[in-house]
Amino acid sequence: MLFAPLHLDTPLLQTAPGYSVSGKPLWLKLDALQPSGSFKLRGVGRLCQHEVENGAREIFCASGGNAGIAAAYTGRALGVPVTIVVPETTAADVRQTIAATGANVLVHGSVFDEANAHAVELARSRKATYVHPFDHPLLWDGHATLIDEVVAKGAKFDCVVTSVGGGGLLAGIVEGLKRNGLSEVPVIAVETEGAASLHASLKANERITLSAITSIANSLGARQVAQHVFDLPKQHPIESVVVSDADAVAACLKFADAQRILVEPACGAALAVADVHAGLLQRFDHPLIEVCGGIGVSLEKLRAWKESFFDPHPRKSRA
């Protein structure tokens, strides 16, 4: 039996040129409006459906939150039990949201790597299926559908701006560009300071494992990107940039005011580029920003983060 995709063809809208310091009209792909709250449903749903079609009867996944709720949502839709292993850094409200979606939630380890190793072992011991949250070709194939949708709408764009954690979304965007004949369209890959494993790896010319994640954008909290993602800049034009947590939160609040939609700082990182690295966008006419979403956010959290970063002398654009 083949299942219909669980993700939505999400809205695409364009801002006025005056929305950001860049002065460019920005295409916004609103994956924050997916049923699971983020883009993750595209790839995680695709991979889980494939596994169930091939006989999986129980699924394990490790996650900081968003992949977990995507797997939980998929498991509920397919009638398959799902266990999500989260690290201790995953907030209690996020754990509760995943559990309320129907999954069993276990807490293990102080970082994603430890939670992931535990999920792999549990799946092995139970002869169940393990689903990786960002490192699998079917995940990338699922995430690529966001580019398919933008192209199908006839929207003209000349770069894509996306946040990067483990790199599954970046890999999917590159795949989507490739299969739509847009291999020349560059991608601006954005991370926050304290979670910039791709940026560090490209600078060192080797795949770096961060000693710790210190950013509040814990959805970007993979200490090491997938090998495939590290190799992507050799195959596709990718520019890696970094923004601060304060930049990301400011972008989230600005976006909330403009669109009445809340997104995590992990998503705010991509939104921040048009202000913080405005000069970087000057060679483009119609940037596309993937608004990846995220469930680990509330208005109260955004306000608290903003207060903790308050600076009476705000910085100007870096580019």
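- For the side chain to side chain contact (heavy atoms under 4.5 Å, CB included) criterion with Val291, the lone passing option out of Ile261, Leu12, Asp31, Leu271 is Leu271.
- Counting heavy atoms from C-beta on, the side chains of Val160 and Ile188 never come closer than 4.5 Å.
- Residues Val273 and Val187 do not share a hydrophobic cluster, clusters being chains of Ile/Leu/Val/Met/Phe/Trp/Tyr side chains in contact below 4.5 Å.
- Within the 3.5 Å criterion, the main-chain N or O of Ala222 finds a donor-acceptor partner in the side chain of Ser197.
- Between the side chain of Ser201 and the main chain of Arg207, no donor-acceptor pair closer than 3.5 Å is present.
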*asked:* With side chain to side chain contact (heavy atoms under 4.5 Å, CB included) as the criterion, how do Val161 and Glu290 come out once you've worked through the C-alpha distance, each side chain's angles and the decisive distance to 0.1 Å?
replied: CA-CA 6 Å; Val161 183; Glu290 162 62 359; over 6 Å; no
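- The nearest pair of heavy atoms linking Ala119 to Cys61 is CB-C, 4.2 Å.
- Looking only at side-chain heavy atoms (C-beta outward), Val85 and Val107 stay at 4.5 Å or farther from each other.
- Under the 4.0 Å criterion applied to side-chain N and carboxylate O atoms, Asp275 and Lys254 are assigned as salt-bridge partners.
- Within a 6.0 Å sphere centred on CZ of Arg76, other residues, nucleotides and ligands contribute more than 12 heavy atoms.
- Note that CG of Leu280 is 10.5 Å distant from OG of Ser22, once rounded to the nearest 0.5 Å.
- Counting only heavy atoms from C-beta outward, the side chains of Gln14 and Leu26 never approach each other to under 4.5 Å.
- For the side-chain contact (heavy atoms from CB on, under 4.5 Å) test, residues two or more places apart in sequence or in another chain that qualify with Leu182 are Val151, Phe157, Leu177, Asn180, Glu184, Val185.
- No path of Ile, Leu, Val, Met, Phe, Trp and Tyr side chains, each step under 4.5 Å between heavy atoms, connects Val82 with Leu41, placing them in separate hydrophobic clusters.
- Nearest heavy-atom pair, Phe284 versus Pro186, reported as atom, atom and distance to 0.1 Å: CE2-CG, 3.5 Å.
- Applying the side-chain contact (heavy atoms from CB on, under 4.5 Å) test to Ser183 and every residue at least two apart in sequence or in another chain returns Lys178.
- Atom CZ of Arg179 has more than 12 neighbouring heavy atoms from other residues, nucleotides or ligands inside a 6.0 Å radius.
- Taking the side chain as every heavy atom from C-beta outward, Gln235 and Leu232 approach each other to under 4.5 Å.
- A search for salt bridge (Lys or Arg N to Asp or Glu O under 4.0 Å) contacts involving Asp245 returns nothing, not counting sequence neighbours.
- The OG1 atom of Thr101 lies 3.5 Å from the CD1 atom of Ile69; values are rounded to the nearest 0.5 Å.
- Between the side chain of Asp247 and the backbone N or O of Ser244, at least one donor-acceptor pair lies under 3.5 Å.
- Under the 4.5 Å side-chain heavy-atom criterion for Ile, Leu, Val, Met, Phe, Trp and Tyr, Leu47 and Val80 are members of the same hydrophobic cluster.
- The distance from the CG atom of Leu299 to the SG atom of Cys252 is 11.5 Å, given to the nearest 0.5 Å.
- Taking all atoms of both residues into account, the shortest heavy-atom contact from Ser36 to Ala70 is CB-CA, 3.9 Å.
- Side-chain rings of His132 and Phe134 approach one another, their centers coming within less than 6.0 Å.
- Side chain of Thr192 to main chain of Ala217: no donor-acceptor pair is present (N/O by atom type, distance under 3.5 Å, no hydrogens or angles).
- Counting heavy atoms from C-beta on, the side chains of Ser63 and Phe112 never come closer than 4.5 Å.
- In this structure, Asp148 does not pair ionically with Arg42, as no charged nitrogen and carboxylate oxygen lie closer than 4.0 Å.
- Put simply, the side chain of Ser38 never gets that close to the backbone of Gln34: no donor and acceptor are under 3.5 Å apart.
- A continuous path of hydrophobic side-chain contacts links Leu262 to Ile216 [ILVMFWY only; heavy atoms under 4.5 Å].
- In the hydrophobic clustering of ILVMFWY residues, with side-chain heavy atoms under 4.5 Å counting as a link, Leu210 and Leu170 come out apart.
- Two residues are said to be in side-chain contact when any heavy atoms from C-beta on lie closer than 4.5 Å; Thr129 and Glu58 fail this criterion.
- No side-chain heavy atom of Leu8 sits less than 4.5 Å from a side-chain heavy atom of Leu33.
- Residue pairs meeting the ring-ring contact (aromatic ring centres under 6.0 Å, His included) criterion with at least one member in residues 25-63, sequence neighbours excluded, are Phe39-His143.
- Between the side chains of Gln224 and Thr209, a donor-acceptor pair is found at a separation under 3.5 Å.
- Partners of Asp113 according to the side-chain hydrogen bond (donor to acceptor under 3.5 Å, both in side chains) rule, which considers only residues two or more places apart in sequence or in another chain, are Arg223.
- Applying the 6.0 Å contact sphere to CG of Asn205 captures no more than 12 heavy atoms from other residues, nucleotides or ligands.
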*Going through the distances and angles, do Asp231 and Val229 end up as a side chain to side chain contact (heavy atoms under 4.5 Å, CB included)?*
CA-CA 5 Å; Asp231 293 335; Val229 174; over 6 Å; no
_Verdict with supporting geometry, Gln282 and Lys24, side chain to side chain contact (heavy atoms under 4.5 Å, CB included)_ = CA-CA 8 Å; Gln282 293 312 301; Lys24 302 288 182 177; 4.0 Å; yes
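- Across all non-hydrogen atoms, the minimal contact from Ala278 to Val21 is CB-CG1, 3.7 Å.
- Gly167 and Val164 get closest at one heavy-atom pair: CA-CG1, 4.0 Å.
- Using modelled atom types, one side-chain atom of Glu191 and one backbone atom of Leu198 make a donor-acceptor pair closer than 3.5 Å.
- Formation of a donor-acceptor pair under 3.5 Å by the Lys29 side chain with backbone atoms of Thr10 is found in this model.
- We find the CD1-OG1 distance between Ile295 and Thr97 to be 5.0 Å, quoted to the nearest 0.5 Å.
- Salt bridge Lys153/Asp9: present, at least one basic N to carboxylate O contact under 4.0 Å.
- Distance alone, capped at 3.5 Å, is enough to place a donor-acceptor pair between the Thr90 side chain and the Gly64 backbone.
- Between the CD atom of Glu175 and the CG atom of Leu146 there is a distance of 11.5 Å, given to the nearest 0.5 Å.
- Looking at every heavy atom in both residues, Val190 comes nearest to Ala269 through CG1-O, 3.3 Å.
- Using modelled atom types, one side-chain atom of Glu264 and one backbone atom of Gly296 make a donor-acceptor pair closer than 3.5 Å.
- Looking at Leu202 and Ile208, their side chains never come closer than 4.5 Å, going by heavy atoms from C-beta outward.
- A distance-only check finds no donor-acceptor pair linking the side chain of Gln227 to the backbone of Asp135 [under 3.5 Å].
- For the salt bridge (Lys or Arg N to Asp or Glu O under 4.0 Å) test, residues two or more places apart in sequence or in another chain that qualify with Glu121 are Arg124.
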*Decide yes or no on side chain to side chain contact (heavy atoms under 4.5 Å, CB included) for Leu139 and Lys40, but give the supporting numbers first.*
CA-CA 9 Å; Leu139 285 167; Lys40 287 283 190 179; over 6 Å; no
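- A distance of 11.5 Å separates CD in Glu51 from OH in Tyr130, rounded to the nearest 0.5 Å.
- Other residues, nucleotides and ligands place no more than 12 heavy atoms under 6.0 Å from the NZ atom of Lys156.
- Ion pairing of Asp158 with Arg283 is absent here, as no side-chain N (NZ or NE/NH1/NH2) approaches a carboxylate O to less than 4.0 Å.
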